[in-house]
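Contents: one structure, followed by commentary.
Order of the sequence lines sets the chain letters (A, B, ...), proteins ahead of strands, with each chain counted from 1.
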Protein chains: 2
Amino acid sequence: MTRQRGAVIDALREAGRPLSPAEILAAAQRQVPSLGLATVYRNLRALLDDAQVHAVELPGQADRYELAEEPGAVTHRHYFQCLTCDRVFPLDGCPGHLEEITPPGFVVEHHELTLLGRCPDCAGGSGKLRKAAARDH
Amino acid sequence: MTRQRGAVIDALREAGRPLSPAEILAAAQRQVPSLGLATVYRNLRALLDDAQVHAVELPGQADRYELAEEPGAVTHRHYFQCLTCDRVFPLDGCPGHLEEITPPGFVVEHHELTLLGRCPDCAGGSGKLRKAAARDH
DNA sequence: ATTCGTGCAAACCGTTTGCAGTGCT
DNA sequence: AGCACTGCAAACGGTTTGCACGAAT
């Protein structure tokens, strides 16, 4: 455990939502200004291998990363991405009913679902959306 | 309509499933050997603007492209991606029930669902999977 | 002293763009 | 001639890797 790795983990913990490597870099540099992007990637990879972090893959987007839940928690999650501020939020639950759309002969092992729309900040039409987008540029 | 564009469209039509730009290039070069990747991308973009083709965005993967259905068909589709041969297959239907997992205050505008597993060729344990994977390298 | 992690720069992959050349009208 | 489209190569953004330096044992 190095200072750099601690800074990456702190950045993820404080955000409470999935972050891109660049967002992690920006946040973690407040603790370790000399931190480089390559180190962020290397630590993310190590943390992924350790199952301390997991990757959130979004269609047509670069991966985001978040801290893994405590052991024993759900392994499977879906996400909501705001089309205005680009932030990603975890969801609870899973729609299921996948057999209905699976053609015969196909074996489903897992699935990815992403909801797209407006988060509460950006749906309201208030000025909050600009603040949120700016905060995460 | 140029020879190059015709070759791109033919490649998509003959495949009958979403193709990556590199797959399109390889297939279309059988008609137009001098074809370049940039031209594939430019034609894809033009065809997208024309709604003759649409992009299939997969989590953690480069986009694939397929011919748009005849006008009047469903605008919204989901896909199955084979974890063995990497090919992508269109599905019919949609699980719905998204309200159940949408937290209050969020406005869902659309969603993306990808099923991952084994396609019939690769689930069977026969030698077919190797043939399919090789065909699409 | 050895080892492991870091920081920087270069490499890499998929995609986009600038530019000169080609083929149509 | 003019114009749109092509092919190539360079640029680009995100990610990975090579390599020499620095920190910790």
Side-chain angles (χ1 to χ4, degrees), chain A residues 1-12 15 18-50 52-66 79 81 86-88 114 133 136-137, chain B residues 1-12 15 18-50 52-66 79 81 86-88 112 114 136-137:
Chain A
M1 168 64 78
T2 62
R3 286 186 314 130
Q4 289 77 347
R5 177 165 307 189
V8 166
I9 291 173
D10 287 350
L12 291 171
L19 297 183
S20 67
E23 287 175 317
I24 295 168
L25 177 66
Q29 278 182 334
R30 296 189 299 123
Q31 272 186 52
V32 184
S34 70
L35 184 64
L37 190 50
T39 299
V40 172
Y41 277 104
R42 278 188 285 235
N43 276 301
L44 283 174
R45 169 164 302 218
L47 291 165
L48 284 168
D49 291 347
D50 253 19
Q52 294 182 246
V53 153
H54 79 266
V56 179
E57 304 191 328
L58 302 164
Q61 296 261 315
D63 290 2
R64 316 272 176 126
Y65 300 86
E66 67 178 355
Y79 298 88
Q81 179 166 33
D86 201 47
R87 290 183 299 173
V88 172
T114 307
D136 307 307
H137 54 62
Chain B
M1 169 63 80
T2 62
R3 285 187 316 131
Q4 289 78 347
R5 177 164 307 189
V8 167
I9 292 173
D10 288 350
L12 291 171
L19 297 182
S20 67
E23 286 175 318
I24 295 168
L25 177 67
Q29 277 182 335
R30 295 188 301 121
Q31 271 185 53
V32 183
S34 71
L35 184 65
L37 191 49
T39 299
V40 171
Y41 277 103
R42 278 189 285 237
N43 276 300
L44 283 175
R45 167 165 304 220
L47 291 166
L48 284 169
D49 292 347
D50 252 19
Q52 295 181 245
V53 153
H54 79 268
V56 179
E57 303 191 329
L58 301 164
Q61 296 260 315
D63 290 1
R64 316 272 177 126
Y65 300 87
E66 68 178 355
Y79 298 88
Q81 179 167 34
D86 202 46
R87 290 183 299 173
V88 172
E112 302 272 357
T114 307
D136 307 307
H137 57 63

Nearest-Å distance, [atom1] ([X]) to [atom2] ([N])?
X       : N      : atom1 : atom2 : result
A:Asp63 : C:dG14 : CG    : C1'   : 15 Å
A:Met1  : C:dT6  : CE    : C1'   : 16 Å
B:Arg3  : D:dG7  : CZ    : P     : 8 Å
B:Arg5  : C:dC24 : CZ    : C1'   : 15 Å
A:Leu58 : D:dG14 : CG    : P     : 14 Å
B:Leu44 : D:dC5  : CG    : P     : 15 Å
A:Glu23 : D:dG13 : CD    : P     : 17 Å
B:Gln4  : D:dC8  : CD    : P     : 11 Å

Task: Partner set under side-chain hydrogen bond (donor to acceptor under 3.5 Å, both in side chains) for A:Asp10, not counting sequence neighbours - done: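 With neighbours one apart ignored, the set is A:Arg13, A:Gln31.
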Task: Contacts of type side-chain hydrogen bond (donor to acceptor under 3.5 Å, both in side chains), residue B:Glu112, not counting sequence neighbours - done: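 B:Glu112 satisfies side-chain hydrogen bond (donor to acceptor under 3.5 Å, both in side chains) with no other residue.
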Task: Beyond-backbone contact of A:Leu44 with A:Pro21, side-chain heavy atoms, under 4.5 angstrom - done: yes
- [ ] Report yes if some heavy atom in the side chain of A:Val53 is under 4.5 Å from a heavy atom in the side chain of A:Glu66; otherwise report no.
- [x] no
- [ ] Look at the side-chain N and O atoms of B:Thr2 and state whether any lies under 4.0 Å from the OP1 or OP2 oxygen of D:dC5.
- [x] no
Open item on the list: Taking 4.0 Å as the cut-off, does a side-chain nitrogen or oxygen of A:Thr39 come that near to OP1 or OP2 on C:dT6?
Closed with: no
Open item on the list: So if I take every side-chain heavy atom of B:Ala62 and compare against C:dG14, C:dT6, D:dG7, which nucleotide ends up nearest?
Closed with: C:dG14
TODO: Please tell me which of the listed nucleotides, D:dT6, C:dT6, D:dG7, lies nearest to the side chain of B:Leu35?
DONE: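 Closest of the options to the side chain of B:Leu35: D:dG7.
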Open item on the list: Test side-chain contact (heavy atoms from CB on, under 4.5 Å) on B:Gln4 and B:Arg42; report intermediate values, then the result.
Closed with: CA-CA 10 Å; B:Gln4 289 78 347; B:Arg42 278 189 285 237; over 6 Å; no
- [ ] Using a 4.0 Å heavy-atom cut-off across all strands, classify B:Ser20 as base, sugar-phosphate, or nothing.
- [x] nothing
TODO: Summarise protein proximity over nucleotides 16-25 of chain D in one line of letters, 5' to 3': B for base, S for sugar-phosphate only, - for none, counting protein heavy atoms closer than 4.0 Å.
DONE: BBB-------
TODO: Nearest 0.5 Å please: distance from the CD1 atom of B:Ile9 over to the CG atom of B:Asn43.
DONE: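 CG of B:Asn43 is found 8.0 Å from CD1 of B:Ile9.
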Task: Distance, nearest 0.5 Å, that separates CD of B:Glu57 from OH of B:Tyr79 - done: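 Rounded to the nearest 0.5 Å, the CD-OH separation comes out at 10.5 Å.
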